[in-house]
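Reading through the C-alpha cells given below for one structure.
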Amino acid sequence: MREVKVKGVSSLCTLDSNGESHILQSELASDSQRNSSLNVQFTPEIEKKYVHHVYDAIAPHFSSTRFAKWPKVANFLSSLPSESLVLDAGCGNGKYLGFNPDCFYIGCDTSAPLIKICADRGHEVLVADAVDLPYRTSFGDAAISIAVLHHLSTEGRRKKAIEELIRVVKKGGLVLITVWAVEQEDKSLLARWTPLTQKYGEEWIGPGSPRVRSPSSCTLESIPETEENGFGERKKDSGQSSMQSLQEITSQIESYSGASTDVKNANNQQEYFIPWHLPYHRAEVSGASACALANGLAKKDDKKGAVVYNRYYHVFSEGELERLVAGIDNAVIVDRFFDKSNWCIVLEKKTMKSQTTEPCGAWKNLM
C-alpha cells in the first residue's frame, strides 16, 4: 500500500475485494481550497446521465475493447525520466498504467466499476473527478488525459480540467492531452452520430457553456465497436437538478432523430450523442442496463442484439485546445498534433507565461 498525498488531505487510499474505496484522512482541506471554482465543479445533468451512468453500466464490455496502446501516448510515457510519477486523469481500465516500468503511476476516474477493474489488476487508483483532482499542487512529474475532456459539457469545465492537470505537476512537468476531433478522417462517422439540438442544449447551456447548438439532427445509428477511436473515457457526480424528466428527454431526442439532415448543414456542430452497443449477453452483469432501460437512458436494438446507450461528446475543432490553454499563465504548449482523428497537445508547466512553442527535452527528441 502506498501513501497518496491528496489535495488538502493526507490520505492512504486502497480498494478492498469488493472494490470499495477506503480513505483514512488525517487533515481536512481548507475552505479556500474547496470553494474555488465551485461553478464548474458541479456536474451537469447531461454528464451524469450520458457519461457517468453509461460508463458505469458498460464498464466490463468497454474495458474488453480497450487494450491497444496508442503509439503517441506510448512515446510520451517512454520519454519520461526514470522514477517519474505519472498521474493518469481519467484512466478508464488502466491500459496506460504501468506502461513504462521505470515510472510510478496513479490513476483516477469517476467510474467506480472501471476503477475496480484497475484495482483488480494491481494498479494504484482512486475514484476522482477530472475538474477537481485529489492531489496536492506540484505532486506529479507528468500527467496524461486521454480522451477525457470531450465528455465535459461546458467550456468552463474543460478549461478547469486543463488547469487541474497543470496544477498537479511540478514545474517543468509535462502534460499530454488528447480529445476527439470534429474533423474526423472518416467523414461517414458524423452521419452515424446524433447531433444535440438547441432545444435539448437548453438543459445545460450556461455562461460557461459551448456556443448554441445547431437545431439539426441525424438518425441514430450504431458505430461498430471496431470503428471507435482507440482511447478510453470518464465521469463524476454532484448536485444540480434536471430541468426535464428522463422520459421527456428521451422522447425529445427520439422525436428529433427522425428528421432528415444533410451533415454539411451542421458545420458548426460539436455536441453529439455517440452510441455504445452493449450486447445482450453482457447487459445484465450488474442489472444496470435493466434500470437504464426502465428510466429511458438506453433502448433495445433487437436486430443487433444489444442495449444501446448514448454517450455525450463535445468534439473539438482545430485550435480549440490551444484557445483553452491561452489563458493559463503557468503553461506553455510544447507540441501539438492531429493523429487518428484526435487533436493532441503537450504542455509544460512554467512559473510564468511563455510564448515559445518549441518542443523540449526528451519529448522533442521523439518528434
Side-chain angles (χ1 to χ4, degrees), residues 36-37 39-41 43-44 46-47 51 72-73 76 89-90 129-133 142-169 173-185 190 193 195-196 198 201 204-214 229 231 233-234 266-272 312-360 363 367:
S36 64
S37 305
N39 58 321
V40 296
Q41 290 179 356
T43 307
I46 192 167
E47 292 178 35
V51 182
K72 291 287 188 179
V73 180
F76 175 84
D129 194 338
V131 300
D132 189 20
L133 294 175
I144 60 175
S145 172
I146 310 302
V148 177
L149 267 61
H150 52 229
H151 286 308
L152 303 179
S153 60
T154 70
E155 182 177 307
R157 285 172 60 75
R158 294 188 284 272
K159 184 170 184 178
K160 177 62 176 174
I162 295 175
E163 291 172 343
E164 281 290 273
L165 290 165
I166 293 297
R167 180 187 66 78
V168 300
V169 299
L174 298 177
V175 174
L176 170 63
I177 301 172
T178 76
V179 293
W180 283 23
V182 69
E183 300 89 350
Q184 289 289 304
E185 293 168 316
L190 294 177
W193 299 352
L196 295 181
Q198 180 176 344
W204 80 96
I205 198 166
S209 299
R211 58 179 174 275
V212 175
R213 283 75 175 166
S214 164
N229 281 352
F231 299 119
E233 15 261 302
R234 333 290 162 218
N267 291 332
N268 294 323
Q269 181 69 41
Q270 290 181 260
E271 317 299 319
Y272 290 93
Y312 168 79
Y313 279 75
H314 167 86
V315 287
F316 280 64
S317 60
E318 182 176 6
E320 188 173 353
L321 271 176
E322 291 87 339
R323 289 192 294 273
L324 288 175
V325 175
I328 303 176
D329 291 338
N330 62 340
V332 58
I333 299 172
V334 296
D335 192 24
R336 66 193 85 189
F337 53 95
F338 179 84
D339 192 68
K340 299 183 184 299
S341 297
N342 287 261
W343 289 113
C344 314
I345 57 172
V346 178
L347 307 176
E348 181 180 355
K349 184 173 183 176
K350 298 285 189 181
T351 54
M352 296 179 64
K353 188 172 182 180
S354 172
Q355 298 299 318
T356 179
T357 58
E358 179 72 13
C360 63
W363 178 247
M367 302 308 293

- side chain to side chain donor-acceptor pair (under 3.5 Å) filter on E185, not counting sequence neighbours, yields S341
- Task: Drop me the distance from L165's CG to L174's CG, to the nearest 0.5 angstrom.
- Result: 12.5 Å
- Query: Does a side-chain heavy-atom distance below 4.5 Å link V169 with L347?
  - Reply: no
- Are the side chains of N342 and W180 in touch, meaning some heavy atoms are under 4.5 Å apart? yes
- Message: Under the rule for side-chain contact (heavy atoms from CB on, under 4.5 Å), what residues qualify as partners of V168, not counting sequence neighbours?
- Response: L87, L133, Y135
- Message: Would the distance check show the side chain of Q269 and the main-chain N or O of E271 forming a donor-acceptor pair, the cut-off being under 3.5 Å?
- Response: yes
- Task: Under the side-chain contact (heavy atoms from CB on, under 4.5 Å) rule, what do I46 and L196 come out as? Steps first, then yes or no, please.
- Result: CA-CA 11 Å; I46 192 167; L196 295 181; 3.9 Å; yes
- Item | Partner residues of K349 under the side chain to side chain donor-acceptor pair (under 3.5 Å) criterion, sequence neighbours left out | S138
- Under 4.5 Å between any side-chain heavy atoms of T154 and H314, yes or no? no
- Message: How close do F338 and A181 get, counting heavy atoms only, and between which atoms?
- Response: CE1-CB, 3.5 Å
- Task: Indicate yes or no for a side-chain donor-acceptor contact from Q184 to the backbone of L190 under 3.5 Å, with no hydrogens or angles considered.
- Result: no
- When rounded to the nearest 0.5 angstrom, what distance separates CD1 in I162 from NZ in K160? 12.0 Å
- Query: Can you tell me how far the CD atom of E47 sits from the CG atom of D129, to the nearest 0.5 Å?
  - Reply: 8.0 Å
- Task: Spell out, as yes or no, whether a donor-acceptor pair under 3.5 Å connects the side chain of R157 to the backbone of V40.
- Result: yes
- Message: Tell me whether E320 contacts the main-chain N or O of S317 through its side chain, where contact means a donor paired with an acceptor under 3.5 Å.
- Response: yes
- Which atom pair, heavy atoms only, marks the closest approach of A89 to V148? O-CG2, 3.4 Å
- Query: Do D132 and E164 have side-chain heavy atoms sitting under 4.5 Å apart?
  - Reply: yes
- Task: Could you tell me which residues satisfy side chain to side chain donor-acceptor pair (under 3.5 Å) with E183, sequence neighbours excluded, listed by chain and number?
- Result: W343
- Quick one: does I146's side chain get under 4.5 Å of L176's, heavy atoms only? yes
- Task: State, with a plain yes or no, whether a side-chain heavy atom of L324 is found less than 4.5 Å away from one of F316.
- Result: yes
- Task: Enter the distance from Y312:OH to H150:NE2 here, rounded to the nearest 0.5 Å.
- Result: 10.5 Å
- Message: Check this for me: does any side-chain nitrogen of one of E155 and R158 sit under 4.0 Å from a carboxylate oxygen of the other?
- Response: no
